[in-house]
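Just so you know, these numbers use all the heavy atoms, side chains as well, and skip hydrogens, waters and symmetry mates. This structure is a prediction, so every number in the text was calculated from the model and none was measured.
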Amino acid sequence: LGAILFEILCYHPPHSGKTAWDIIVDAVQGIRPEIRSDAPEELRGICAKALSPMPSERYPDAAAFQTALQAFLRHKESSQIAASAQRTLAAGKARLSGAAGLDTRSRGEFYQLFATALAGFEQARILWPENPVAAEGAVSARLDYAEAALAGGDIGLAETCFEAGLAVHQAVYQSDSASVPAARALAHNLRQLGLTYSLWSRDRARDQDAALHLRRASIILKATLSRVPSAELAEQFKITCLDLGSLYYRQSAYADALDMYREAATERPDRLVLSACGDMLLLQGQAQAALEQYRTASTGEPLLATQLRL
C-alpha cells in the first residue's frame, strides 16, 4: 500500500531495477526512496512511514494506514489555508523594507496582508488544532505584523501585536524551556516589545515596562547560554544588554547602565561595549577607572579617542 501511495505521488515505483530480483534487492537493502518535495508534508510523512525498511516503524495493519489517510483528508483544507496564508505573509515581508515611506492608504493595504495571513493561520488551526505550519505561522505573522507597524510608525499597533505574540511564545517556552529556538524566539519578542515601549516618549511607566521586558530577555538568554554555548545567542544577549544599558542611561541610572554594559562584555567584549563601560564610570565621577577602561578598549590603538573623552 505504501508503494502504491508513493507511485501516486511520484509517478514511478519506489524501487527500480532491470529484473524483478533487482527490485527485490533494492527494497531489501532499505534504501529510502525520495518523495516529491512539493507533495503535502503530512502525506509525505504517511508515505515515508509506510515504506520504512524497519517493520516496527510501519503502520501495524491496513486499517491504521487507512486511518492516517482519512486524517490527512480531514486536514487537507487546513493545510491548503495555511499554505495560502504563508504566501500572503511572504508578500507582506517582501514589502517590509519600504514600509516607512508609504502613505496612509498604501500602509493600510500593506497591513492588510499581515492581518489576512494571521486570519488564515488561525482559521487553519480551528480546522486542525495540531497543524504545525499554522501554529508556527500564527506566531510569525504576529511578529511580522508588529515589525511592519513599527516600520510604519504605528507604535500602538506594534505594541498590541508584540503583546499577542508574547503570550504564544511564553506558552511554547514554558512547555519546553530547554529548547534553544523557543528561548531565542521568546527573548526576541521580549526585546522587541521592550524597545517598542521605550519609544513612548516621556512615559515613565512605559520605560519601566521596557526595562522589565529587556531584563527578562537577557535572563532567558543568559540561562540558555549557560547550557548551550552559541555565538548567535551570545550576540543576541550582548545586543539586549546594550539596549537595556542605553535605556538606563536615558534615565540617568548610570550604575545600572554600567552593570548591563559589563554583562554584555562578559559574552562578547569589544571596543563599543568596553568604551560604554568607561562612559558610565566617567559619568559617575570615576575618572581613573574610566581611563583604565578606555585603555583596555583602545589596546593597540592610539589613545586620542580616550584623551578626548576625558
Side-chain angles (χ1 to χ4, degrees), residues 77-127 131-173 181-182 184-214 216-217 235-236 239-240 242-244 246-247 250-251:
E77 184 180 0
S78 174
S79 298
Q80 289 174 336
I81 293 172
S84 176
Q86 281 183 312
R87 291 191 292 271
T88 303
L89 183 60
K93 291 173 71 173
R95 296 175 56 185
L96 194 55
S97 60
L102 297 175
D103 57 33
T104 303
R105 180 178 177 180
S106 298
R107 191 161 62 244
E109 293 173 351
F110 173 55
Y111 290 164
Q112 188 60 40
L113 290 171
F114 296 95
T116 300
L118 179 57
F121 288 127
E122 293 295 357
Q123 183 184 359
R125 292 179 68 191
I126 291 171
L127 293 172
N131 186 335
V133 175
E136 183 179 345
V139 175
S140 297
R142 284 188 176 89
L143 287 179
D144 291 333
Y145 196 176
E147 299 280 5
L150 206 55
D154 293 316
I155 301 174
L157 176 59
E159 181 183 320
T160 300
C161 293
F162 277 131
E163 286 176 342
L166 180 59
V168 178
H169 277 122
Q170 283 177 326
V172 174
Y173 181 72
R184 185 188 298 119
L186 176 56
H188 173 74
N189 199 145
L190 283 165
R191 174 176 176 264
Q192 292 299 91
L193 181 55
L195 293 177
T196 303
Y197 282 145
S198 72
L199 292 174
W200 293 96
S201 58
R202 296 183 296 279
D203 191 325
R204 184 172 179 79
R206 293 200 182 261
D207 272 354
Q208 290 175 342
D209 287 339
L212 175 65
H213 284 76
L214 288 169
R216 284 187 61 203
E235 183 66 19
Q236 191 176 355
I239 292 172
T240 302
L242 288 175
D243 289 334
L244 186 51
S246 298
L247 181 61
R250 194 176 80 184
Q251 298 171 350

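A217 and R191 get closest at one heavy-atom pair: CB-N, 4.2 Å. Here the closest non-hydrogen pair linking L166 and N189 is N-OD1, 3.1 Å. When all heavy atoms of A82 and N131 are compared, the closest pair comes out as CB-ND2, 4.0 Å. Nearest approach of A124 to A134, heavy atoms of both residues: CB-CB, 3.8 Å. Nearest heavy-atom pair across A210 and G194 is CB-O, 3.1 Å. The minimum heavy-atom distance linking I81 with G120 is given by the pair CG2-O, 3.3 Å.
Between L89 atom CG and T116 atom OG1 the span is 11.0 Å, to the nearest 0.5 Å. S79 contributes atom OG, which lies 10.0 Å from atom CD of Q86 (distance to the nearest 0.5 angstrom). In this structure, CZ on F162 lies 10.0 Å from CG on L157, to the nearest 0.5 angstrom. With rounding to the nearest 0.5 angstrom, the CG atom of L193 is 10.0 Å from the OG1 atom of T160. Separating the NZ atom in K93 from the CG atom in L96 is a distance of 8.5 Å, to the nearest 0.5 Å. In this structure, the separation between CD on Q80 and CG on L127 is 10.5 Å, given to the nearest 0.5 Å.
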Discussion item. R142 vs F114, test: side-chain contact (heavy atoms from CB on, under 4.5 Å). Steps then yes/no.
Written reply: CA-CA 8 Å; R142 284 188 176 89; F114 296 95; over 6 Å; no
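Residues E147 and Q192 form a side-chain contact, since some pair of their non-hydrogen atoms from C-beta on lies under 4.5 Å apart.
For Y111, the ring pair (Phe, Tyr, Trp, His ring centres under 6.0 Å) criterion is met by no residue, not counting sequence neighbours. Here R107 pairs with D154 under the side chain to side chain donor-acceptor pair (under 3.5 Å) rule; sequence neighbours left out. Under the side chain to side chain donor-acceptor pair (under 3.5 Å) criterion, E136 pairs with no residue at all, not counting sequence neighbours.
Other residues, nucleotides and ligands place more than 12 heavy atoms under 6.0 Å from the CD atom of Q251.
Using modelled atom types, one side-chain atom of S246 and one backbone atom of L242 make a donor-acceptor pair closer than 3.5 Å. The backbone N or O of L195 lies less than 3.5 Å from a partner atom in the side chain of S198, making a donor-acceptor pair. With hydrogens and angles ignored, the 3.5 Å screen pairs a side-chain donor or acceptor of H213 with a backbone N or O of D209.
Ion pairing between a basic and an acidic side chain is recognised when a charged N comes within 4.0 Å of a carboxylate O; R206 and E159 show such pairing.
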